[in-house]
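Each chain gets a letter, A, B and so on, in the order the sequences are listed, and its residues count up from 1.
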2 protein chains.
Amino acid sequence: MATLRDVAREAGVSVATASRAINGLGNVTAPTKAAVMAAVKKLNFVPHSGARSLTRRKTDTVGVILPDLFGEFFSEIIRGIDLVAHESGMHLLLGNMHGSTHETAAAIAAMRGRVDGLLVMPPDLKPELLSDYLDPALPTVLLNYDAGSLDLPFVAVDNYRGAYAMTEALLARGARHVVHIAGPKHNRDARDRQRGFVDAMAKIGGVRNPAILPGDFSEESGLKAAGLLLQGQLPADAVFAANDQMAVGLIAGLAEAGKSVPGDVMVAGFDDIPLARHLNPSLSTMQVHIDRLGSTAMMMLLRILRGETLGSASATILTPALIARGTTAMAAQAMTAQP
Amino acid sequence: MATLRDVAREAGVSVATASRAINGLGNVTAPTKAAVMAAVKKLNFVPHSGARSLTRRKTDTVGVILPDLFGEFFSEIIRGIDLVAHESGMHLLLGNMHGSTHETAAAIAAMRGRVDGLLVMPPDLKPELLSDYLDPALPTVLLNYDAGSLDLPFVAVDNYRGAYAMTEALLARGARHVVHIAGPKHNRDARDRQRGFVDAMAKIGGVRNPAILPGDFSEESGLKAAGLLLQGQLPADAVFAANDQMAVGLIAGLAEAGKSVPGDVMVAGFDDIPLARHLNPSLSTMQVHIDRLGSTAMMMLLRILRGETLGSASATILTPALIARGTTAMAAQAMTAQP
DNA sequence: GTTAACAACGTAACCGGTTACACGGGCGAA
DNA sequence: TTCGCCCGTGTAACCGGTTACGTTGTTAAC
């Protein structure tokens with residue numbers, strides 16, 4: 001592989017001049033620049049980004065640390081990040097903590113000297129631990145995580161409000177006994193959604209201790225919830241699952257038992273995964289623009305890297321939108337397919 | 001940020017000793033090593049990977065260059081790659097060519113000095129162009145691309161065989177007039193699938209010029225194809241879409257016109273996207289383990305990086321499996337839901 | 001007692017770029 | 001003519017690590 005020295009020798013100039021010519025800096029005559037460029041072509045020289053980033057003290061790369069890479073959720077986040085990063089000529093270095101807390105520290109440490117900034121999504125991590133791992137000198141934006149006590153910039157989804165709105169909508173459609181299928185115990189999103197549900201039930205429905213079934217965000221747990229619902233004597237005319245995956249499982253379970261949705265019971269989910277609108281009947285849900293989560297975080301990071309101060313923009317909260325589809329259609333509408 | 005020299009000074013040793021102690025090389029007394037480690041802790045020193053990779057001449061990173069990041073297909077590939085990469089302590093640097101050929105060159109060039117090897121998925125690129133862009137010194141494995149004349153290792157899906165098998169299955173189920181919805185003209189996958197269809201129709205069905213409708217792998221183009229099918233006088237008792245997305249659009253279009261699937265017409269797709277089994281009726285398709293595409297390629301790259309020669313293993317072809325579901329169920333089975 | 005061998009550690013070159021500073025020449029102004 | 005300035009270019013230090021090689025001190029072998 002040709003180095004800058006090779007190019008300089010070939011062009012009969014010094015490395016400094018060669019570097020300046022290649023990078024288009026001033027103070028280089030047209031003929032010398034041409035000579036250098038000719039040498040570049042001839043040796044097909046490509047600058048060594050690693051070496052360059054060492055002196056420039058910037059890598060044009062941001063590290064993205066995610067808890068996992070499974071499913072459309074993470075892929076959408078990455079796409080959103082890439083969209084913005086690409087515009088600014090930034091590269092993405094992927095770090096996967098594979099669920100383990102110990103690996104989180106390793107993943108973050110491995111980023112030193114490779115990236116200019118970090119985008120981190122710490123799923124169930126305690127804030128104190130997180131601040132231990134993080135390098136204060138490395139600009140960092142948190143993904144889908146309300147920093148709380150830490151003064152790190154973050155972008156998150158307003159899960160509480162979303163769940164509140166969905167519960168309200170179910171009640172408005174005439175449901176009296178709404179059952180919630182919760183997500184994983186320690187998951188922040190899941191907990192916020194549950195809180196929203198409980199509060200809405202209390203304030204709007206006047207119900208103190210609404211029914212809550214356990215779940216873990218997986219389709220299987222939705223199926224299980226259907227079983228519990230059917231065999232139990234729980235009165236239910238609507239079910240609000242903490243995410244779409246569980247709603248999908250739930251609907252499958254209900255269908256198997258001959259229950260009609262929304263005729264016998266309305267169903268709602270959260271996330272608006274692509275599958276939601278293809279179900280039959282289509283699934284009502286809270287739409288979260290997952291890609292915006294990534295792109296917003298990336299834009300914040302870019303601003304920090306440019307030296308701007310975020311101020312109040314250092315905490316961005318995305319509000320999900322209610323998407324009413326077939327599974328919560330009123331009786332009269334139940335027959336008309338809604339695409 | 002503390003550097004190695006800071007650590008060495010703090011511990012009262014030379015940089016060489018500090019480096020050896022940190023990296024666990026021999027020839028360091030226990031007490032000196034302890035002193036160095038204490039200094040590391042005190043200054044919380046983290047080695048600068050960029051600088052390290054400069055001398056070591058390896059980065060422990062592989063570059064992944066994809067045409068896009070949209071949808072489950074790419075996310076599954078990345079996940080497959082990460083699975084294997086992670087085991088070997090490798091990092092992933094994402095490069096997105098965003099569909100443009102010009103950016104492909106830039107994306108590849110930008111990898112110089114950042115990665116030890118490359119995983120490239122060149123969708124509609126001509127082999128000659130590709131070899132121009134690629135650096136012969138950088139180990140490269142092609143994703144979902146039959147290198148053909150180039151002697152680059154690759155892993156691909158046997159689209160021809162898959163399409164052949166699916167067409168055969170449709171004919172075996174009694175279909176006489178099978179219509180194909182093709183993918184994008186210049187896409188290799190699409191062309192191979194079409195060839196498989198045409199050949200199977202000729203050899204098994206005895207049909208010379210089977211009906212082929214245009215498409216571009218998008219759901220909309222499937223919907224359009226349904227329109228063409230319905231208004232035309234084309235006889236059709238089965239439709240084989242070149243991918244699942246189009247099949248989904250097609251089914252929606254048929255349902256809107258009151259056509260029954262599989263009663264009036266059978267439908268089959270290709271890819272087995274997660275959505276396929278959730279449709280009603282569920283979609284018959286060719287299952288491709290997309291994540292294996294990524295993990296296999298990564299394993300090949302790792303072997304090359306270890307200095308092994310791949311030999312005949314330098315070309316891996318994954319064979320998709322037929323998944324028969326509801327949309328191709330025989331008349332008798334048409335009533336029973338197949339999960 | 002001398003020497004060879006080896007273990008522990010230090011010095012400095014090097015990876016491949018960038019860039020501060022030095023230097024020489026051409027030109028305008030006094 | 002001489003001085004000063006600026007422009008184009010070269011020299012060398014530097015980024016933060018690794019490592020070849022040299023040095024010192026200890027021990028085993030003669």
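Side-chain proximity of A:Arg52 to C:dT18, D:dG10, D:dG8: nearest is C:dT18.
A straight line from CG of B:Leu25 to P of C:dC9 spans 13 Å, rounded to a whole angstrom. What separates CG of B:Leu54 from P of D:dT19 is a distance of 12 Å, to the nearest Å. Atom NZ of B:Lys58 is separated from atom P of D:dG17 by 17 Å (rounded to the nearest Å). Regarding B:Leu4, its CG atom lies at a distance of 12 Å from the P atom of C:dG10, rounded to whole Å. Taking atom CG of residue A:Asn23 and atom P of nucleotide C:dG17, one finds them 10 Å apart after rounding to whole Å. A straight line from CG of B:Asp6 to C1' of D:dC15 spans 13 Å, rounded to a whole angstrom. Residue A:His48 contributes atom NE2, which lies 17 Å from atom P of D:dG16 at whole-angstrom precision. If you take CE of B:Met1 and C1' of D:dG16, they are 12 Å apart, rounded to a whole angstrom.
Using a 4.0 Å heavy-atom criterion, one finds that B:Ser53 contacts no nucleic acid atom at all. As judged by a 4.0 angstrom heavy-atom cut-off over every strand, B:Arg57 is placed among residues touching the sugar-phosphate backbone only. Counting any heavy atom pair closer than 4.0 Å across all strands shown, A:Ser49 reaches no nucleic acid atom. As judged by a 4.0 angstrom heavy-atom cut-off over every strand, A:Val15 is placed among the base-contacting residues. In this structure, A:Ser19 reaches the bases: a heavy-atom distance under 4.0 Å links it to at least one base atom across the strands shown.
Donor-acceptor pairing under 3.5 Å is recorded for the side chains of A:Arg114 and B:Thr61. For the 3.5 Å distance criterion, the side chains of A:Thr101 and A:Thr104 fail to qualify, holding no donor opposite an acceptor. In summary, the side chains of B:Asp68 and B:Asn96 do not present any donor paired with an acceptor at a separation below 3.5 Å, with no hydrogens or angles considered. Remark: the B:His86 side chain and the A:Glu103 side chain contain an N/O donor-acceptor pair separated by less than 3.5 Å.
Between the side chain of B:Arg112 and the backbone N or O of A:Val46 there is at least one donor-acceptor pair closer than 3.5 Å.
Among A:Thr140, A:Asp132, A:Leu134, the one residue that satisfies the side chain to side chain contact (heavy atoms under 4.5 Å, CB included) test with A:Ile108 is A:Leu134.
If you check distances only, the side chain of B:Arg56 never reaches the base of D:dG17 with a donor-acceptor pair under 3.5 Å. With hydrogens and angles left out, the side chain of B:Arg20 and the base of C:dG10 share a donor-acceptor pair within 3.5 Å.
Look at A:Arg5 and you won't find any side-chain N or O under 4.0 angstrom from OP1 or OP2 of C:dC14. Distances shorter than 4.0 Å separate none of the side-chain N or O atoms of A:Asn27 from OP1 or OP2 on D:dT9. Close to D:dG8, at under 4.0 Å from its OP1 or OP2, lies no side-chain N or O of A:Thr29. OP1 or OP2 of C:dC9 sits under 4.0 Å from a side-chain N or O of B:Thr32. The phosphate of D:dG10 has OP1 or OP2 within less than 4.0 Å of a side-chain N or O from A:Ser14. Side-chain N/O atoms of A:Thr55 include none lying less than 4.0 angstrom from OP1 or OP2 on D:dC14.
If B:Ala18 and A:Val46 are placed on DNA chain C by their nearest nucleotide, the residue sitting closer to the 5' end is B:Ala18. If B:Val28 and B:Ala51 are placed on DNA chain C by their nearest nucleotide, the residue sitting closer to the 5' end is B:Val28.
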